[in-house]
Amino acid sequence: MLIAQLSDVHVRPTGQLYKGVVDSNRMLGDAIEHLHGLDRRPDLVLLTGDLVDEGDPDEYASAVEILGALTIPYLVIPGNHDHRDNFRAAFGDHTYLPARGPLHYCIDDYPVRIVALDSTVPGKHHGHVDGAGLTWLRSTLEENSRKPTIVIMHHPPFVSGITYLDKYRCIETETLEAVLRSFSNIEAVLCGHVHRPMTRRWAGTMVCTCPNTTTEIALQLDPKAEPRSYMGPPACMLHLWDPAQGLVSHTSYIGKYPGPYSFF
Ligand SMILES: [Fe+2]
């Protein structure tokens, strides 16, 4: 199974730019074209939050229209820039989304089970999973504790070393970590939010954050650094699952680059 991951696509109303400078809508279109052009077609695309920038219905209308070009099935989870009810309304035909409350769900139609955890806190930029969410997570994982499983959530649960980002991570994660650690079939926890690729061993599994289709948040490890973002090579992730080999997560850069060259 090949699972593509796009994150933080920050769609704007048609004709408007992200941060006033970046055509995030066109870049989502480019990302879709990139996935269609891969030499192996992904079986599934995960969009791990911040589908739009301000949570407005006209942004969601653009997002749904652009994603309409995607010929691969896709799953969505919200991020801190999403508005939960506008999100739910926009993706009304995504019948896996619960009708009310946080958008936790489980998809069990593939060789890898996808457990989606809504880490958003309405009106806030940091993430948190409350007691009810953790209860849902434990019981969902207990339903099938042998099948390879990927957990997706927008906010990474770890301190990255980029101080201005860390304020907005998923906080109070001790119980979440304990729940995940009690299962041995979690292949990875896949996140977005930080607009950079990062990996960390956590809760007995691997946490992996997805690079961005639009802008990169600057990699600054000085605790006093001011927040900045830049244009960088847009990218997505391709998570290749094989029962014998496990899950291998590749970063896939979007765009045309010189080559190919001879291998040796
Ligand atoms: Fe985010």
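When a ligand or atom number is given, it counts from 1 through the structure's own listing order.
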Extract all donor-acceptor atom pairs below 3.5 Å that involve side chains of residues 257-264 and protein atoms in other chains or at least two apart in sequence.
residue	atom	partner	partner atom	Å
Tyr257	OH	Ile254	O	3.3
Ser262	OG	Phe264	O	3.4

Task: Protein N/O/S neighbour count - the Fe ion (ligand 1), strictly under 2.8 Å - done: 4
TODO: For residues Glu187 and Thr205, determine if any side-chain heavy atom of one lies less than 4.5 Å from a side-chain heavy atom of the other.
DONE: no
TODO: Check for a donor-acceptor pair, side chain of Ser62 on one end and backbone N or O of Thr14 on the other, with a separation under 3.5 Å.
DONE: yes
Open item on the list: Given 3.5 Å as the limit, does a donor-acceptor pair link the side chain of His195 with the main chain of Glu216, or not?
Closed with: no
- [ ] Kindly state each residue pair satisfying salt bridge (charged side-chain N to carboxylate O under 4.0 Å, His left out) with at least one member in residues 80-107, sequence neighbours excluded.
- [x] Arg84-Asp118, Asp85-Arg88
TODO: With sequence neighbours excluded, tell me which residues meet ring pair (Phe, Tyr, Trp, His ring centres under 6.0 Å) with His154.
DONE: His193
